[in-house]
Engineer: 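My questions will all concern the structure given below.
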Amino acid sequence: MITRLLDNKQIRNLVILGMIILTIGIFGLYLHNNPNTLSVIIHISPITAIGLTIAFIMTIIANSLILHFTLSYLNKKTPLTDNLFLTGYSSIVNFFGPLQSGPGFRAIYLNKKYQIKYRHFIRATLIFYLFFALINSLILLIAGLSQYPKIVTALSLTAIIILSIAYTVDLHKDKLISQTIKNHLTNLSLYNQNLWMIGLMTGLLVLSSSLVYYIELSTVSAGAVSYQQSLVYTGAANLALFVSLTPGAIGFRESFLVLSQNLHGVSTQDIVAASIIDRAYYVIFLFMIFLIILITKHYTKINPFNTSSKLKNNTD
(Lines give C-alpha, C1' and ligand atoms only; values in the text may rest on other atoms or scores of the structure.)
Protein backbone atom coordinates (compact mmCIF):
# COMPACT_ATOMS: atom_id res chain seq x y z
CA MET A 1 0.00 0.00 0.00
CA ILE A 2 2.79 2.43 0.92
CA THR A 3 4.63 1.65 -2.30
CA ARG A 4 1.48 2.27 -4.25
CA LEU A 5 0.93 5.64 -2.53
CA LEU A 6 4.50 6.61 -3.23
CA ASP A 7 4.07 5.67 -6.86
CA ASN A 8 0.88 7.73 -7.08
CA LYS A 9 2.62 10.66 -5.44
CA GLN A 10 5.52 10.40 -7.84
CA ILE A 11 3.10 10.31 -10.77
CA ARG A 12 1.31 13.41 -9.46
CA ASN A 13 4.61 15.26 -9.05
CA LEU A 14 5.67 14.33 -12.56
CA VAL A 15 2.33 15.47 -13.98
CA ILE A 16 2.60 18.79 -12.11
CA LEU A 17 6.19 19.30 -13.28
CA GLY A 18 5.17 18.43 -16.82
CA MET A 19 2.28 20.93 -16.73
CA ILE A 20 4.60 23.69 -15.47
CA ILE A 21 7.29 23.01 -18.09
CA LEU A 22 4.70 22.71 -20.88
CA THR A 23 2.99 25.97 -19.90
CA ILE A 24 6.26 27.90 -19.68
CA GLY A 25 7.29 26.40 -23.02
CA ILE A 26 4.03 27.51 -24.63
CA PHE A 27 4.50 31.08 -23.39
CA GLY A 28 8.10 31.06 -24.60
CA LEU A 29 7.12 29.71 -28.02
CA TYR A 30 4.38 32.33 -28.39
CA LEU A 31 6.74 35.19 -27.50
CA HIS A 32 9.35 33.78 -29.89
CA ASN A 33 6.82 33.66 -32.75
CA ASN A 34 5.35 37.06 -31.80
CA PRO A 35 8.35 39.22 -30.83
CA ASN A 36 6.28 42.40 -31.14
CA THR A 37 4.25 41.42 -28.06
CA LEU A 38 6.73 42.84 -25.56
CA SER A 39 7.32 45.99 -27.65
CA VAL A 40 3.57 46.64 -27.74
CA ILE A 41 3.35 46.25 -23.95
CA ILE A 42 6.23 48.67 -23.39
CA HIS A 43 4.35 51.42 -25.26
CA ILE A 44 1.13 50.97 -23.25
CA SER A 45 0.64 53.72 -20.67
CA PRO A 46 0.51 52.73 -16.97
CA ILE A 47 -3.11 53.92 -16.72
CA THR A 48 -4.14 51.75 -19.68
CA ALA A 49 -2.26 48.77 -18.21
CA ILE A 50 -3.99 49.17 -14.83
CA GLY A 51 -7.39 49.56 -16.50
CA LEU A 52 -6.89 46.45 -18.66
CA THR A 53 -5.66 44.45 -15.67
CA ILE A 54 -8.78 45.33 -13.66
CA ALA A 55 -11.06 44.58 -16.62
CA PHE A 56 -9.40 41.22 -17.32
CA ILE A 57 -9.61 40.32 -13.62
CA MET A 58 -13.33 41.06 -13.81
CA THR A 59 -13.68 38.61 -16.71
CA ILE A 60 -11.87 35.92 -14.70
CA ILE A 61 -14.14 36.53 -11.70
CA ALA A 62 -17.24 36.47 -13.91
CA ASN A 63 -16.14 33.18 -15.50
CA SER A 64 -15.41 31.62 -12.11
CA LEU A 65 -18.87 32.67 -10.86
CA ILE A 66 -20.44 31.17 -13.99
CA LEU A 67 -18.60 27.94 -13.19
CA HIS A 68 -19.75 28.13 -9.56
CA PHE A 69 -23.43 28.49 -10.44
CA THR A 70 -23.10 25.90 -13.23
CA LEU A 71 -21.90 23.35 -10.68
CA SER A 72 -24.54 24.50 -8.19
CA TYR A 73 -27.13 23.89 -10.90
CA LEU A 74 -25.85 20.31 -10.96
CA ASN A 75 -26.22 20.18 -7.15
CA LYS A 76 -22.45 20.07 -6.75
CA LYS A 77 -20.27 22.46 -4.83
CA THR A 78 -16.54 23.05 -5.08
CA PRO A 79 -14.38 25.61 -3.22
CA LEU A 80 -14.67 29.07 -4.75
CA THR A 81 -10.89 29.51 -4.72
CA ASP A 82 -10.58 26.23 -6.62
CA ASN A 83 -13.03 27.52 -9.24
CA LEU A 84 -11.11 30.79 -9.50
CA PHE A 85 -7.73 29.15 -10.09
CA LEU A 86 -9.26 26.54 -12.38
CA THR A 87 -10.80 29.35 -14.44
CA GLY A 88 -7.46 31.12 -14.59
CA TYR A 89 -5.55 28.05 -15.76
CA SER A 90 -8.26 26.98 -18.21
CA SER A 91 -8.08 30.51 -19.67
CA ILE A 92 -4.45 29.78 -20.50
CA VAL A 93 -5.44 26.48 -22.09
CA ASN A 94 -8.31 28.17 -23.94
CA PHE A 95 -6.08 30.86 -25.45
CA PHE A 96 -3.19 28.69 -26.58
CA GLY A 97 -5.10 25.49 -27.27
CA PRO A 98 -7.01 24.73 -30.49
CA LEU A 99 -10.79 24.90 -30.87
CA GLN A 100 -11.33 26.85 -27.62
CA SER A 101 -10.21 23.87 -25.51
CA GLY A 102 -10.65 25.51 -22.09
CA PRO A 103 -14.09 23.96 -21.42
CA GLY A 104 -12.70 20.54 -22.32
CA PHE A 105 -9.90 20.98 -19.77
CA ARG A 106 -12.44 21.96 -17.09
CA ALA A 107 -14.61 18.95 -17.94
CA ILE A 108 -11.68 16.53 -17.58
CA TYR A 109 -10.52 18.17 -14.36
CA LEU A 110 -13.97 18.14 -12.75
CA ASN A 111 -14.54 14.55 -13.82
CA LYS A 112 -11.23 13.29 -12.44
CA LYS A 113 -11.28 15.27 -9.20
CA TYR A 114 -14.98 15.59 -8.36
CA GLN A 115 -16.48 12.73 -10.39
CA ILE A 116 -18.75 15.09 -12.32
CA LYS A 117 -20.00 13.23 -15.36
CA TYR A 118 -19.01 14.63 -18.72
CA ARG A 119 -22.54 14.68 -20.11
CA HIS A 120 -23.88 16.53 -17.06
CA PHE A 121 -21.19 19.20 -17.23
CA ILE A 122 -21.52 19.59 -21.00
CA ARG A 123 -25.30 19.92 -20.72
CA ALA A 124 -24.96 22.57 -18.01
CA THR A 125 -22.24 24.38 -19.97
CA LEU A 126 -24.59 24.61 -22.95
CA ILE A 127 -26.87 26.73 -20.76
CA PHE A 128 -24.05 29.26 -20.42
CA TYR A 129 -23.42 29.20 -24.17
CA LEU A 130 -27.13 29.77 -24.75
CA PHE A 131 -27.13 32.85 -22.53
CA PHE A 132 -23.84 34.02 -24.05
CA ALA A 133 -25.16 33.72 -27.61
CA LEU A 134 -28.49 35.31 -26.67
CA ILE A 135 -27.00 38.35 -24.91
CA ASN A 136 -24.47 39.10 -27.64
CA SER A 137 -27.05 38.51 -30.38
CA LEU A 138 -29.46 40.91 -28.66
CA ILE A 139 -26.74 43.55 -28.58
CA LEU A 140 -26.24 43.23 -32.33
CA LEU A 141 -29.99 43.04 -32.90
CA ILE A 142 -30.61 46.29 -31.03
CA ALA A 143 -27.74 47.92 -32.92
CA GLY A 144 -29.16 46.60 -36.17
CA LEU A 145 -32.60 48.04 -35.38
CA SER A 146 -31.11 51.52 -35.29
CA GLN A 147 -29.16 50.98 -38.52
CA TYR A 148 -31.44 48.76 -40.59
CA PRO A 149 -34.85 48.66 -38.85
CA LYS A 150 -36.80 47.27 -41.81
CA ILE A 151 -34.34 44.45 -42.55
CA VAL A 152 -33.99 43.39 -38.91
CA THR A 153 -37.75 43.52 -38.35
CA ALA A 154 -38.37 41.38 -41.45
CA LEU A 155 -35.77 38.82 -40.36
CA SER A 156 -37.21 38.71 -36.83
CA LEU A 157 -40.74 38.17 -38.11
CA THR A 158 -39.50 35.44 -40.45
CA ALA A 159 -37.76 33.70 -37.56
CA ILE A 160 -40.90 33.91 -35.41
CA ILE A 161 -43.05 32.46 -38.21
CA ILE A 162 -40.60 29.59 -38.82
CA LEU A 163 -40.46 28.77 -35.11
CA SER A 164 -44.25 28.91 -34.86
CA ILE A 165 -44.64 26.51 -37.78
CA ALA A 166 -41.97 24.19 -36.34
CA TYR A 167 -43.73 24.24 -32.97
CA THR A 168 -47.11 23.21 -34.35
CA VAL A 169 -46.11 20.77 -37.12
CA ASP A 170 -46.98 17.09 -36.60
CA LEU A 171 -44.30 14.48 -37.09
CA HIS A 172 -45.08 10.76 -36.96
CA LYS A 173 -48.67 11.51 -35.81
CA ASP A 174 -47.36 13.36 -32.81
CA LYS A 175 -46.35 16.90 -32.05
CA LEU A 176 -42.78 15.76 -31.69
CA ILE A 177 -41.11 19.15 -31.93
CA SER A 178 -43.57 20.74 -29.50
CA GLN A 179 -43.10 17.94 -27.01
CA THR A 180 -39.32 18.06 -27.41
CA ILE A 181 -39.28 21.78 -26.65
CA LYS A 182 -41.48 21.25 -23.60
CA ASN A 183 -39.25 18.42 -22.40
CA HIS A 184 -36.14 20.60 -22.72
CA LEU A 185 -37.80 23.43 -20.81
CA THR A 186 -38.81 21.00 -18.09
CA ASN A 187 -35.31 19.53 -17.87
CA LEU A 188 -33.84 23.01 -17.57
CA SER A 189 -35.72 23.55 -14.27
CA LEU A 190 -36.64 27.14 -15.08
CA TYR A 191 -37.44 27.84 -11.44
CA ASN A 192 -33.89 26.95 -10.43
CA GLN A 193 -32.22 30.12 -9.13
CA ASN A 194 -28.80 28.91 -10.27
CA LEU A 195 -30.04 28.86 -13.87
CA TRP A 196 -30.77 32.58 -13.84
CA MET A 197 -27.60 33.34 -11.89
CA ILE A 198 -25.68 31.77 -14.79
CA GLY A 199 -27.46 34.23 -17.10
CA LEU A 200 -26.74 37.16 -14.77
CA MET A 201 -23.06 36.28 -14.48
CA THR A 202 -22.91 35.86 -18.27
CA GLY A 203 -24.17 39.43 -18.53
CA LEU A 204 -21.39 40.48 -16.14
CA LEU A 205 -18.89 38.68 -18.37
CA VAL A 206 -20.11 40.54 -21.46
CA LEU A 207 -19.94 43.87 -19.63
CA SER A 208 -16.41 43.07 -18.40
CA SER A 209 -15.37 42.19 -21.96
CA SER A 210 -16.89 45.43 -23.25
CA LEU A 211 -14.80 47.35 -20.70
CA VAL A 212 -11.66 45.64 -22.02
CA TYR A 213 -12.50 46.56 -25.61
CA TYR A 214 -13.50 50.11 -24.64
CA ILE A 215 -10.12 50.72 -23.01
CA GLU A 216 -8.27 49.27 -26.00
CA LEU A 217 -10.31 51.18 -28.59
CA SER A 218 -9.99 54.42 -26.60
CA THR A 219 -6.22 53.93 -26.61
CA VAL A 220 -5.87 53.46 -30.37
CA SER A 221 -8.51 56.00 -31.39
CA ALA A 222 -7.63 58.74 -28.91
CA GLY A 223 -11.01 58.54 -27.16
CA ALA A 224 -13.06 58.87 -30.34
CA VAL A 225 -14.95 55.62 -29.70
CA SER A 226 -18.01 55.68 -27.42
CA TYR A 227 -18.89 52.96 -24.93
CA GLN A 228 -22.00 52.15 -26.99
CA GLN A 229 -19.77 51.41 -29.98
CA SER A 230 -17.50 49.22 -27.88
CA LEU A 231 -20.53 47.30 -26.59
CA VAL A 232 -21.64 46.46 -30.15
CA TYR A 233 -18.00 45.70 -30.97
CA THR A 234 -18.01 43.27 -28.02
CA GLY A 235 -21.12 41.50 -29.29
CA ALA A 236 -19.51 40.82 -32.67
CA ALA A 237 -16.17 39.78 -31.12
CA ASN A 238 -17.83 37.37 -28.69
CA LEU A 239 -19.97 35.68 -31.35
CA ALA A 240 -16.78 34.99 -33.31
CA LEU A 241 -15.74 32.62 -30.52
CA PHE A 242 -18.39 30.13 -31.65
CA VAL A 243 -16.61 29.53 -34.96
CA SER A 244 -13.00 30.11 -33.94
CA LEU A 245 -10.60 27.33 -34.83
CA THR A 246 -7.35 29.09 -33.96
CA PRO A 247 -5.75 29.89 -30.58
CA GLY A 248 -7.21 33.13 -29.23
CA ALA A 249 -9.65 33.24 -32.17
CA ILE A 250 -6.92 34.88 -34.26
CA GLY A 251 -8.30 35.94 -37.63
CA PHE A 252 -11.89 34.87 -36.96
CA ARG A 253 -12.60 37.67 -34.50
CA GLU A 254 -11.13 40.32 -36.78
CA SER A 255 -13.21 39.02 -39.68
CA PHE A 256 -16.42 39.27 -37.65
CA LEU A 257 -15.49 42.77 -36.52
CA VAL A 258 -14.82 43.96 -40.07
CA LEU A 259 -18.06 42.41 -41.35
CA SER A 260 -20.02 44.18 -38.60
CA GLN A 261 -18.37 47.56 -39.14
CA ASN A 262 -21.65 49.18 -40.17
CA LEU A 263 -23.03 48.33 -36.71
CA HIS A 264 -20.18 49.44 -34.42
CA GLY A 265 -18.56 52.02 -36.71
CA VAL A 266 -14.95 51.20 -35.72
CA SER A 267 -12.47 51.56 -38.58
CA THR A 268 -10.44 48.61 -39.86
CA GLN A 269 -7.24 50.35 -38.77
CA ASP A 270 -8.51 50.70 -35.20
CA ILE A 271 -9.75 47.08 -35.19
CA VAL A 272 -6.28 45.81 -36.11
CA ALA A 273 -4.50 48.12 -33.66
CA ALA A 274 -6.87 47.25 -30.79
CA SER A 275 -6.52 43.52 -31.54
CA ILE A 276 -2.73 43.76 -31.33
CA ILE A 277 -2.95 45.44 -27.92
CA ASP A 278 -5.61 42.98 -26.78
CA ARG A 279 -3.62 39.85 -27.54
CA ALA A 280 -0.28 41.28 -26.46
CA TYR A 281 -1.52 42.38 -23.05
CA TYR A 282 -3.73 39.30 -22.57
CA VAL A 283 -0.68 37.04 -23.01
CA ILE A 284 1.15 39.00 -20.31
CA PHE A 285 -1.96 38.88 -18.10
CA LEU A 286 -2.20 35.10 -18.51
CA PHE A 287 1.48 34.80 -17.62
CA MET A 288 0.81 36.81 -14.45
CA ILE A 289 -1.99 34.37 -13.59
CA PHE A 290 0.39 31.48 -14.13
CA LEU A 291 2.98 33.09 -11.85
CA ILE A 292 0.33 33.55 -9.14
CA ILE A 293 -0.61 29.88 -9.46
CA LEU A 294 3.05 28.93 -9.05
CA ILE A 295 3.73 31.32 -6.15
CA THR A 296 0.66 30.22 -4.21
CA LYS A 297 1.42 26.58 -5.09
CA HIS A 298 -2.19 26.22 -6.20
CA TYR A 299 -1.05 24.05 -9.10
CA THR A 300 -1.32 21.10 -6.73
CA LYS A 301 -5.06 21.73 -6.48
CA ILE A 302 -5.70 22.05 -10.21
CA ASN A 303 -3.95 18.75 -10.78
CA PRO A 304 -6.66 16.21 -11.75
CA PHE A 305 -4.67 13.43 -10.10
CA ASN A 306 -4.98 15.09 -6.71
CA THR A 307 -8.16 13.54 -5.33
CA SER A 308 -7.86 14.76 -1.75
CA SER A 309 -10.67 17.33 -2.08
CA LYS A 310 -14.13 16.33 -0.94
CA LEU A 311 -17.27 17.26 -2.80
CA LYS A 312 -20.39 18.43 -1.06
CA ASN A 313 -23.84 17.40 -2.20
CA ASN A 314 -22.40 15.10 -4.84
CA THR A 315 -25.38 13.74 -6.73
CA ASP A 316 -25.40 12.38 -10.28
Engineer: Less than 4.5 Å apart, any side-chain heavy atom of Ile66 and any of Phe131?
Structural biologist: no

Engineer: Can you name the salt bridge (charged side-chain N to carboxylate O under 4.0 Å, His left out) partners of Asp270, sequence neighbours left out?
Structural biologist: none

Engineer: Give me the atom names and distance for the closest heavy-atom approach of Thr59 to Leu205.
Structural biologist: O-CD1, 3.8 Å

Engineer: For Leu80, check side-chain contact (heavy atoms from CB on, under 4.5 Å) against everything at least two apart and list the hits.
Structural biologist: His68, Asn83

Engineer: Identify, with sequence neighbours excluded, every residue that meets side-chain contact (heavy atoms from CB on, under 4.5 Å) alongside Leu200.
Structural biologist: Met197

Engineer: Mind checking what makes side chain to side chain donor-acceptor pair (under 3.5 Å) contact with Ser275, not counting sequence neighbours?
Structural biologist: Glu254

Engineer: Do Tyr233 and Ser210 pass the side-chain hydrogen bond (donor to acceptor under 3.5 Å, both in side chains) test, and can you show the C-alpha distance, the side-chain angles, and the key distance before you say yes or no?
Structural biologist: CA-CA 8 Å; Tyr233 183 96; Ser210 68; over 6 Å; no

Engineer: Please name all residues satisfying side chain to side chain donor-acceptor pair (under 3.5 Å) with Asn136, sequence neighbours left out, ordered by chain then number.
Structural biologist: Asn238

Engineer: Other residues, nucleotides and ligands only: do more than 12 of their heavy atoms fall within 6.0 Å of CG on Leu126?
Structural biologist: yes

Engineer: Got a sec, which residues hit side-chain contact (heavy atoms from CB on, under 4.5 Å) with Ile54, two or more places apart in sequence or on another chain?
Structural biologist: Ile50, Met58

Engineer: If you measure from CD1 on Ile271 to CD on Glu216, what distance do you get to the nearest 0.5 Å?
Structural biologist: 12.5 Å

Engineer: Taking the six-membered ring where the residue is Trp, are the ring centres of Tyr89 and Tyr109 under 6.0 Å apart?
Structural biologist: no

Engineer: Please state whether the rings of Phe56 and Tyr282 are parallel, tilted or perpendicular, taking 30° and 60° as the class boundaries.
Structural biologist: tilted

